[in-house]
K.L.:
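Here it is: the structure, laid out below.
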Protein chains: 2
Amino acid sequence: MAIGTGRLPPLQLRPNTTPSRSTSPYHLAWTTIAALSAPPYPPVQPTDRPSKIQDVARAAGVSAMTVSRAINHPERLNPETLQRVRDAIASMRYVPNALASGLRLSRARLVAALLPTLVGPVFQELIQSLDHALNQHGYQLMIGRTGYDAAQEADLIRAIIQRRPDGIVMIGTAASEEGRALLQASRIPVVETWDLADTAIDMLVGFSHHAIGAAVAEHFVAKGHRQLGMVSGDDARARVRVAAYAQAAQAAGLPEVTVAFTPAPSTLGGGRRGLADVLLKHPEVTAVFCSSDTLALGALIEAQHQGLRVPQDLAVVGLGDQEFAKDTAPPLTTVRLDGTRIGQLAADMIVARSLDQPVDAHHVDIGFAITQRSSS
Amino acid sequence: MAIGTGRLPPLQLRPNTTPSRSTSPYHLAWTTIAALSAPPYPPVQPTDRPSKIQDVARAAGVSAMTVSRAINHPERLNPETLQRVRDAIASMRYVPNALASGLRLSRARLVAALLPTLVGPVFQELIQSLDHALNQHGYQLMIGRTGYDAAQEADLIRAIIQRRPDGIVMIGTAASEEGRALLQASRIPVVETWDLADTAIDMLVGFSHHAIGAAVAEHFVAKGHRQLGMVSGDDARARVRVAAYAQAAQAAGLPEVTVAFTPAPSTLGGGRRGLADVLLKHPEVTAVFCSSDTLALGALIEAQHQGLRVPQDLAVVGLGDQEFAKDTAPPLTTVRLDGTRIGQLAADMIVARSLDQPVDAHHVDIGFAITQRSSS
DNA sequence: TTGTATGCGTTATCAA
DNA sequence: TTGATAACGCATACAA
């Protein structure tokens, strides 16, 4: 990506202490030693190590167990003792060591989520909802990035299992053979999401990519389109959608669909180039299904660039119903995927299993819906 | 957000076992008990609990210490013993318990990142780079969401400290008083980023939001604009940019700038409405600075919607230089923030401090640059 | 209501 | 090169 230069006189005050690879003209660096020797706030902590439960116990004049109880079972304590301990905890900024308690209890109060990438807003609704639901149950969420790389995936899974999380949520990720074996040997509850895998490791909540492809094709057919196009990613799920889309078109007696594949991740540029490719090959195409809203927005920009009116000359349908889909010009018809619900259900499943409670449905299809706006 | 319905006949096979709040017409649910009683892969593990180091030791006919050494100091072992242990580890899918080793070593090999939100692509480059750099040093990254809520922030910081990470990176987040006190008492290395706070907790790598506001104003002035507008978020850093922008305009003898504030997070819709607001109040505005690329893209869409040519009738500058900025119509002039470099430096700082090595610069300004494209 | 002893799984230290 | 021992910080079981 090209980095231009501003028109301002350079503001550089002093050269960076480390060799800078930055091209920035607005640049300064300084080192403050004082910030370390004299922190802006008085240290509550006289020692140089964080306090542990024994320190608090000493300060409060009780045993370590009483401090533990003050934290975990306050109702079992004499109110006065409780107050004394709580004061000590607050004034010493004591924070329990979760490594120790997790080891003791075999419960880390931690759930890990594995996803292919943080780039792109596709999974963010799901993550947000998962995080929120888990927090409410006192669990923390840890995020791991597989980066679409199957080779590194097993390593990441190993790193995750090391922390002994109470559950693992796989988001848009299919585990490799080695990964599956590790997960199963770990006995950690696993929820796979964003798809309906034929062979689930454990639990599953998602939707059918096949059904999506078919539904969008039939959506176009119902509106009288006969020349269908598609701008698609090229991962496994995307190919399922492409196949179903093409198959449904064929079943409706339509000519062959025109597909342009774009490399991951989805970008505006990919959508622009994808649509341009489709129209170059088959200018008679009147409807395109883009496999993400970002690609669809790129397609809208490209259509406008080419002087095509949407939806009169070209219908566009996206996938994901991102926040911005309602604000494009024209507003985007798109497939709504309820990431919030997936996150909620996945959290429920993990929490239940973690507490040895029954899980009513191990495999759930949450479906999808086509949000009809003005672009189709 | 309105959810329409598709035109397909419902594919519902069987009602969901849990009451569904989904509006989806494409919907099914099922439960598989077999998936639990008969996993698709033969269990390598005869017991129902994950194996520990003693189990491996027994299987390999050595002591637990030898297994530990095989993992952490393989060079100290007899090659034959090493091989035997490694075979046992692989066949049992043994994964060490990081809670136990972390407790023993007081090193969790974990770094936590705190950010206000995952929504919006602003911090993703930074996160990606931080994660990558830390992975290379054998650390894992854990992400925590503060959600712009100062009240919950202390709780999150407490939850993070509980895990005893080797470092904490704050991204676009200023800790509350209580949060700062907790962090300082914890003795965990902290890197604040995305800003140059006046009173840093510990280490710092960022850029000056004041300088950005001034630089963009001067960019517009240099191009001959006299009526400046701004579409901005309303957080603390955004207000600093607004003030600097207005101040620089005044210093150049320009009339008062017109500012529209939009609520977080940045959206296309916010950009559209923001620009509309600015133009409604002052139709004579010829240049707007949007405080994110997403807002800027919304502004481009709105400008086009209103029949304004960019940059002839209206100049637009964004902030962030997101991946899509080069593919908008027209390509977006924007302020480049080198999130990759911030992540890299933050990782270096944490790793150095974690290993008790000297950190050469505790406070670093990495600057920024204006990427000149066609929208201004 | 509060305290004592014990073990969670791992690894540094020392001894063989 | 390998093994025995102890300790990391906390919470359950039991005792007082």
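Being a predicted model, the structure only gives us computed values, none of them experimental. Below, chains carry the letters A, B, ... as their sequence lines are ordered, and counting in each starts from 1. Side chains included, hydrogens not; waters and symmetry mates left out as well; all remaining heavy atoms used.
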K.L.:
Which one of A:L204, A:L183, A:L115 satisfies the side chain to side chain contact (heavy atoms under 4.5 Å, CB included) criterion with A:M170?
P.N.:
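When side chain to side chain contact (heavy atoms under 4.5 Å, CB included) is applied between A:M170 and each of A:L204, A:L183, A:L115, only A:L183 qualifies.
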K.L.:
Would you say a side-chain N or O of B:H73 is under 4.0 Å from OP1 or OP2 of C:dT11?
P.N.:
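Checking B:H73 against C:dT11: no side-chain N or O falls below 4.0 Å of OP1 or OP2.
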K.L.:
Of the nucleotides C:dT1, D:dA6, D:dT5, which has the atom closest to the B:R104 side chain?
P.N.:
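When the side chain of B:R104 is considered, D:dA6 is the closest of C:dT1, D:dA6, D:dT5.
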K.L.:
Under 3.5 Å, side chain of B:D202 to main-chain N/O of B:V191, donor-acceptor pair present?
P.N.:
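The answer is no, because no donor-acceptor pair under 3.5 Å joins these two groups.
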K.L.:
What is the distance from CD1 of B:I71 to P of C:dA12, rounded to the nearest Å?
P.N.:
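Whole-Å distance recorded here is 12 Å.
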K.L.:
Compare every heavy atom of B:P96 with every heavy atom of A:R164, then report the nearest pair and how far apart it is.
P.N.:
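Closest pair (atom of A:R164, atom of B:P96, distance): NH1-O, 3.4 Å.
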K.L.:
Taking B:D155 for its side chain and B:A159 for its backbone only, find out whether a donor-acceptor pair lies under 3.5 Å.
P.N.:
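Not a single qualifying donor-acceptor pair exists.
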K.L.:
D:dG3, OP1 or OP2 - any side-chain N/O from B:S63 closer than 4.0 Å?
P.N.:
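Yes, B:S63 has a side-chain N/O under 4.0 Å of OP1/OP2 on D:dG3.
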K.L.:
Closest to the B:T81 side chain: D:dT1, C:dT13, C:dG9?
P.N.:
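Comparing D:dT1, C:dT13, C:dG9 against the side chain of B:T81, the answer is D:dT1.
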K.L.:
Nearest to the side chain of A:N97, which nucleotide is it out of D:dG3, C:dT11, D:dG9?
P.N.:
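Nearest to the side-chain atoms of A:N97, counting from C-beta on, is D:dG9.
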K.L.:
Could you state the CD-P distance from B:Q54 to C:dT11, rounded to the nearest angstrom?
P.N.:
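Going from CD in B:Q54 over to P in C:dT11 covers 12 Å.
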K.L.:
Output the single nucleotide from D:dG3, D:dC10, C:dT11 whose closest atom is nearest the side chain of A:A100.
P.N.:
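For the A:A100 side chain, the nearest candidate turns out to be D:dC10.
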K.L.:
Kindly give the heavy-atom pair with the smallest separation between B:A154 and B:E178, and that separation in Å.
P.N.:
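Answer, listing the atom of B:A154 first, then B:E178: CB-CG, 3.9 Å.
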K.L.:
What is the distance, to the nearest angstrom, from the CG atom on A:L105 to the C1' atom on D:dT12?
P.N.:
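For the pair A:L105 CG and D:dT12 C1', the rounded distance is 9 Å.
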K.L.:
What contact category does A:L103 fall into here, base, sugar-phosphate, or nothing, at under 4.0 angstrom with non-hydrogen atoms?
P.N.:
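Contact class for A:L103: base.
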K.L.:
What is the distance, rounded to the nearest whole Å, between atom CD1 of A:I53 and atom P of C:dT6?
P.N.:
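One finds 19 Å between P of C:dT6 and CD1 of A:I53, rounded.
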K.L.:
With respect to the phosphate group of C:dT10, does any side-chain polar atom (N or O) of B:Y94 fall under 4.0 Å of OP1 or OP2?
P.N.:
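Yes.
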K.L.:
Could you check how far CD1 of A:I161 sits from C1' of C:dG9, rounded to whole Å?
P.N.:
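Rounding to the nearest Å, CD1 of A:I161 and C1' of C:dG9 are 16 Å apart.
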K.L.:
Classify A:S106 by what it touches in the nucleic acid, base, sugar-phosphate, or nothing, heavy-atom distance under 4.0 Å.
P.N.:
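Touches nothing.
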K.L.:
Check whether any side-chain N or O of B:S101 sits under 4.0 Å from OP1 or OP2 of C:dT10, and answer yes or no.
P.N.:
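No, B:S101 has no side-chain N/O under 4.0 Å of OP1/OP2 on C:dT10.
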K.L.:
Quickly work out the B:L99 CG to D:dA11 C1' distance and round it to whole Å.
P.N.:
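Taking atom C1' of D:dA11 as the reference, CG of B:L99 is at 14 Å.
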K.L.:
Out of D:dA11, D:dG9, C:dT10, which nucleotide sits closest to the side chain of A:N72?
P.N.:
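Ranking D:dA11, D:dG9, C:dT10 by closest atom to the A:N72 side chain puts D:dA11 first.
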K.L.:
D:dA15 P sits how many Å from A:M65 CE, rounded?
P.N.:
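So the CE-P distance, A:M65 to D:dA15, works out to 15 Å.
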K.L.:
With a non-hydrogen cut-off below 4.0 angstrom, is A:L77 in contact with a base, only sugar-phosphate, or nothing?
P.N.:
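Answer is sugar-phosphate: A:L77 comes under 4.0 Å of backbone atoms only.
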K.L.:
Output the rounded distance in Å from CD1 (A:I89) to P (D:dC10).
P.N.:
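One finds 10 Å between P of D:dC10 and CD1 of A:I89, rounded.
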